[in-house]
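Read the structure below first, then the notes.
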There are 2 protein chains.
Amino acid sequence: MSPSRYHHGDLKAALVDGAIELIAERGVRGFSLAEVSRRAGVTVSAPYRHFADRDELLAAVGVRAVSAFQQALTAEIEAADSPEQRAAAMIRGYVIFAVEQRALFEVLFGANLDKSRFPELRQAWEPVDDLLEGGIRALCPGDEDAATVLGDALEAIAHGHAMLLLDGSYGDAPGTVQHVAARAANAALALIAGRAALTPGSGPAMPSPAEPVPGP
Amino acid sequence: MSPSRYHHGDLKAALVDGAIELIAERGVRGFSLAEVSRRAGVTVSAPYRHFADRDELLAAVGVRAVSAFQQALTAEIEAADSPEQRAAAMIRGYVIFAVEQRALFEVLFGANLDKSRFPELRQAWEPVDDLLEGGIRALCPGDEDAATVLGDALEAIAHGHAMLLLDGSYGDAPGTVQHVAARAANAALALIAGRAALTPGSGPAMPSPAEPVPGP
DNA sequence: GTCTATATCCCGATAGAC
DNA sequence: GTCTATCGGGATATAGAC
């Protein structure tokens with residue numbers, strides 16, 4: 001069955017798939033190039049034909065993760081019919097993605113990849129940025145600063161719920177994911193309803209140093 | 001002079017201190033018993049006289065972290081004079097603590113300690129939980145469920161801002177920490193102002209959770 | 001209570017054979 | 001493109017000397 005020399009069909013793709021599986025099992029911390037190689041049935045040196053080092057493989061996973069994230073958010077948005085509902089749907093999709101694609105989510109926000117080294121990663125984020133930012137802007141027509149502040153707060157709501165959910169802070173009873181996602185969406189609606197309190201000083205006293213959308 | 005040996009000193013405390021320093025430099029991921037031992041000036045086997053294993057030292061750091069967290073939140077609360085301001089102050093303290101005591105914060109939320117193994121950790125959390133949930137209850141007199149939902153949402157706001165801030169999503173310009181903490185507090189106030197949308201089913205009938213709101 | 005020494009395991013990365 | 005072999009590093013943890 002095994003010839004003395006064995007050429008893999010598409011090792012590069014197999015390594016990315018294996019990395020996702022491994023991260024799903026052990027988290028980003030438990031990821032290692034060696035273990036991924038083992039699972040792909042190749043020696044630890046084989047991956048270096050396709051990736052310069054460990055981080056380059058992680059970055060490839062990251063690109064796929066951003067794409068999946070974008071797809072998930074887009075799917076959620078399509079079912080909504082008002083700016084408010086669209087924002088709530090995005091928050092809901094954000095939380096659900098974190099759980100259902102936990103490995104990808106961990107790579108997105110926990111891999112600490114060097115963005116300057118992997119410009120394709122930063123580039124992959126752009127459509128997601130547009131998606132999030134554009135959805136929020138509809139809530140604050142003609143007020144860019146307000147949209148940025150509101151967008152950051154909404155994202156923090158999504159991210160906070162997602163992280164605490166992944167940490168197990170909400171327990172693991174059946175239905176918890178949908179429950180928490182729904183509550184995150186409701187929190188988003190509550191924040192939108194009370195958003196007048198977001199900018200206490202009516203003027204734009206504090207220009208934001210923040211980037212509109214995250215990306216590790 | 002700092003002693004290079006702890007033969008007759010308090011190695012246990014020195015290890016906890018060193019662990020915090022190390023985590024502050026390299027994060028929880030970069031923590032290792034070996035490196036902490038090196039920094040304390042003892043061999044890698046010495047800590048095993050005081051801690052059964054690596055996680056037991058981390059748990060000791062965790063207990064100290066919870067205590068410091070509680071202290072930070074309490075200090076913020078004391079300066080507030082209304083339930084809303086108290087909640088906002090807690091969120092602000094939460095975010096600032098995450099940055100100023102980053103190592104402790106990482107242990108609290110990123111060490112993934114087995115709480116069933118370290119009941120003292122779970123016990124240490126109880127006063128903090130009471131602080132967070134109790135402060136919220138004043139906003140929802142006589143409605144425990146609403147208080148829980150609101151409390152979880154507020155905590156998610158704090159946690160989301162803190163995590164994104166630590167991840168560098170908001171950049172590192174001077175003043176960013178105070179700025180983000182203030183925005184998190186404002187988001188808390190906005191959420192409180194619009195909290196009717198948090199419980200779409202039980203509150204006064206609202207046809208749509210978020211109907212058009214007067215713009216800025 | 002700490003040290004020396006050791007066992008065992010993991011990792012990332014490279015050189016050269018085929 | 002993959003393998004074999006290897007280097008250099010680090011980790012946790014234990015046994016026994018002092």
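A close approach under 4.0 Å does not occur between any side-chain nitrogen or oxygen of A/Arg49 and OP1 or OP2 of D/dT2. Within the 4.0 Å cut-off from OP1 or OP2 of D/dC3, not a single side-chain nitrogen or oxygen of A/Ser45 is found.
Rounded to an integer number of Å, the gap from A/Glu56 CD to C/dG12 P is 14 Å. Atom pair A/His50:NE2 and C/dG12:C1' shows a separation of 17 Å (rounding to whole Å applied). Rounded to an integer number of Å, the gap from CZ of A/Arg38 to C1' of C/dC9 is 11 Å. In this structure, CZ of A/Arg54 is placed 13 Å from C1' of C/dC10, rounded to the nearest angstrom. The nearest whole Å value for the distance from the CG atom in B/Asp55 to the C1' atom in D/dA13 is 13 Å. For the pair A/Tyr48 OH and D/dC7 C1', the interatomic distance rounds to 13 Å; values are reported in whole Å. A straight line from CG of A/Asp53 to P of C/dA13 spans 5 Å, rounded to a whole angstrom. In this structure, B/Leu33 places its CG atom 7 Å from P of D/dA13, rounding to the nearest Å.
Comment: A/Arg29 does not engage A/Glu106 in a salt bridge, judged by the lack of any side-chain N to carboxylate O separation of less than 4.0 angstrom. Using a cutoff of 4.0 Å between basic side-chain nitrogens and carboxylate oxygens, A/Arg64 and A/Asp17 are scored as salt-bridged.
For A/Thr43, whose side chain is taken as the heavy atoms from C-beta onward, the closest listed nucleotide among D/dT2, D/dT4, D/dA11 is D/dT4.
Of all heavy-atom pairs spanning A/Leu191 and B/Ala190, the tightest one is CD1-CB, 3.9 Å.
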Table please: side-chain donor-acceptor pairs of residues 154-165 of chain B below 3.5 Å, with sequence neighbours left out.
from, atom 1, to, atom 2, distance (Å)
B/His159, ND1, B/Tyr94, OH, 2.9
B/His161, ND1, B/Ile157, O, 2.8

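The 5' end of DNA chain C is approached more closely, in terms of each residue's nearest nucleotide, by B/Val44 than by the other of B/Val44 and A/Ala52.
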